[in-house]
Amino acid sequence: MFILGIETSCDETSVAVLKENPPSRPPSPKATEGHSKASEGQETIKVLSNIVSSQIKIHSPFGGVVPSLAAREHEKNLAPVFKKALVKAKTKMADIDLVAVTQGPGLEIALWKGIHFAEDIAKLWNKPFIPVNHLEGHIFSNWLKPVGEFSNSNLQFSKKIFPALNLIVSGGHTQLVLMSNHGKYKLIGETMDDAAGEAFDKVAKMMNLGYPGGPVVSLRAAKIKNQKSKIKIEFPRPMINSGNYNFSFSGLKTSVLYKLREFEEKKIKLDENLINQICREFQQAVIDVLVKKTVSAAKNFKAKSIFLSGGVSANKLLRKTLEKEAKKMGVAYSQPDFQYTGDNAAMIALAGFYKFKNKGAKKLKEIKAEPNLKIKSW
Ligand code: KG4
Ligand code: ZN
């Protein structure tokens with residue numbers, strides 16, 4: 001089975017092709033010799049191509065994503081990205097068995113571009129068509145192997161990981177989602193205002209560090225690991241002891257703004273070191289809150305595993321810290337390969353494939369963009 005994925009929820013135009021090989025017959029003890037473990041009676045999935053066309057350069061001067069520009073770029077890039085994905089996968093549209101597309105959450109006008117494109121090709125080639133929740137896609141990014149490598153999905157979806165606690169951290173969302181089983185989700189906490197990635201982006205903007213803010217802030221933070229400074233900077237850890245699993249990053253962002261104003265008033269020069277120090281303190285505050293809430297939710301819900309995903313999962317310190325905490329608790333831990341932390345269509349194709357296996361495809365006319373789509377169980 002070949003699955004085509006399409007993602008246009010924000011500022012990446014992405015198309016991917018995945019191939020699923022059905023489980024081989026349970027091999028006889030003799031036949032197992034020479035078989036790789038991943039193919040023994042198991043279904044395997046392989047990413048054949050995952051083309052991502054980023055619009056960072058276009059949005060960068062604005063310090064954030066401009067929806068109308070994003071939609072225009074998706075419109076321009078979808079056809080060439082689609083062609084590239086098929087060519088790289090050495091497939092034709094005739095070979096495709098399922099088209100999966102992001103339905104939401106995301107920017108409405110951007111989502112519609114992907115949906116219309118998916119609808120057009122699905123109709124033209126008479127293929128089933130399935131809508132996918134973008135956040136569910138991020139969760140599934142944990143099961144994606146680098147392009148060309150097989151992943152043994154049966155093994156990885158074994159019951160031992162459930163209940164699994166997902167920390168989804170991106171530019172638009174910060175959520176803790178408990179999975180009791182594959183496709184069974186319960187939202188247990190989310191941000192009350194800004195998403196974690198959004199806070200990174202806004203803090204970077206305040207100091208003219210460029211867009212997106214996450215990568216640059218984390219790089220600067222890492223630069224001053226052992227350096228002592230005369231100026232003490234400390235930011236709050238919002239809602240860290242709130243007793244629930246919700247987050248708030250807007251106040252933290254404002255604290256950075258006030259600190260910058262204070263420096264200005266006191267005529268303290270915002271030099272490279274000071275910028276790096278602000279980045280480090282800000283990053284640490286975000287990570288402290290994310291990790292503490294995740295750990296306490298994992299304990300409370302007796303999670304057997306913790307899964308990290310979303311654009312902010314590219315943050316090395318967050319990855320390291322959460323992994324260490326999971327190890328301490330004795331629970332399994334997973335984080336996506338770096339090539340799948342940001343928005344990509346491979347994760348949409350994978351989520352779509354499993355949803356399709358469980359629910360089948362929807363009729364074309366039933367699909368519409370849902371900018372505020374919530375994660376739902378199948
Ligand atoms: O998932 P994603 O690609 O798009 C959305 O669905 O929002 O996430 C993008 C977000 C941006 O806010 C970006 O600044 C953040 O992920 N990000 C990071 C890092 N790399 C990307 N945040 C912190 N540290 C990073 N290394
Ligand atoms: Zn995303």
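Just so it is clear, the structure is predicted and the values come from calculations on it, not from any experiment. Counting convention: from 1, in listed order, for ligands and their atoms alike.
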The closest protein heavy-atom partner of atom 18 (C) of ligand 1 is G214 CA, 3.4 Å

Give a yes or no on whether a salt bridge exists between E264 and R261, defined as a side-chain N under 4.0 angstrom from a carboxylate O.
no

Ligand-side contact atoms (ligand 1) for residue partner D201, heavy atom cut-off under 4.0 Å:
11 (C), 12 (O), 13 (C), 14 (O)

Under 4.0 Å to a heavy atom of A314 - the qualifying atoms of ligand 1, by number
20 (N), 26 (N)

Y245 and N300: side-chain donor and acceptor closer than 3.5 Å?
yes

Do any heavy atoms of H138 fall under 4.0 Å from ligand 1?
yes

Can you pull out the closest protein heavy atom to atom 17 (N) of ligand 1? Residue, atom name and distance to 0.1 Å, please.
G311 O, 3.6 Å

Examine the proximity of ligand 1 to K316 and report which part, side chain or backbone, both or neither, has a heavy atom under 4.0 Å away.
neither

Grouping ILVMFWY residues whenever side-chain heavy atoms fall under 4.5 Å, the cluster of I109 otherwise contains none

When you check the gap from the basic side-chain N to the acidic O, do E198 and K202 get nearer than 4.0 Å?
yes

Sequence neighbours excluded, every pair satisfying side-chain hydrogen bond (donor to acceptor under 3.5 Å, both in side chains) that has a member inside residues 286-297
R237-D288, N241-K292, S242-K293, Q284-D288

Are E7 and H134 close enough that a side-chain donor and a side-chain acceptor fall under 3.5 Å?
yes

Report, in ascending order of atom number, the atoms of ligand 1 lying under 4.0 Å from any heavy atom of S170.
1 (O), 5 (C), 6 (O), 7 (O), 8 (O)

Side chains of N344 and S14: any donor to acceptor distance under 3.5 Å?
no

Linking directly or through intermediates, with side-chain heavy atoms under 4.5 Å: list the remaining ILVMFWY members grouped with I56, chain and number order.
none

I need the atoms of ligand 1 closer than 4.0 Å to a non-hydrogen atom of S218, numbered in the order shown.
26 (N)

Between ligand 1 and H173, can you find any atom pair, the residue atom being a heavy atom, that is separated by under 4.0 Å?
no

List ligand 1 atoms under 4.0 Å from G213, heavy atoms only on the residue side.
14 (O)

On the 0 to 90° scale, with breaks at 30° and 60°, tag the F140-Y354 ring pair as parallel, tilted or perpendicular.
parallel

Have a look around the Zn ion (ligand 2) and list protein N/O/S atoms under 2.8 Å, or say none.
H134 NE2, H138 NE2, D343 OD1

From L260 CG over to I268 CD1, what is the distance, rounded to the nearest 0.5 angstrom?
11.0 Å

Top protein contact for atom 24 (N) of ligand 1, by heavy-atom distance:
N315 ND2, 3.0 Å

Is the distance between the ring centroids of F249 and F200 under 6.0 Å?
no

Geometric cation-pi criterion R319 and F338, 6.0 Å radius, 45° cone:
yes

Under a 4.0 angstrom heavy-atom cut-off, which atoms of ligand 1 come close to V312?
15 (C), 16 (O), 18 (C), 22 (N), 23 (C)

Would you mind checking if E73 and K76 are paired as a salt bridge, meaning a charged N to carboxylate O distance below 4.0 Å?
yes

Regarding Y185 and N133, is there a side-chain donor-to-acceptor distance under 3.5 Å anywhere?
no

By number and element, which atoms of ligand 1 are closer than 4.0 Å to a non-hydrogen atom of G172?
7 (O)

Heavy-atom nearest neighbour of atom 5 (C) of ligand 1 within options V169, D11, D343, L219
D343

Ligand 1 to G171 polar contact by distance, N or O atoms, under 3.5 Å:
yes

G342: numbered ligand 1 atoms lying under 4.0 Å from its heavy atoms
3 (O)

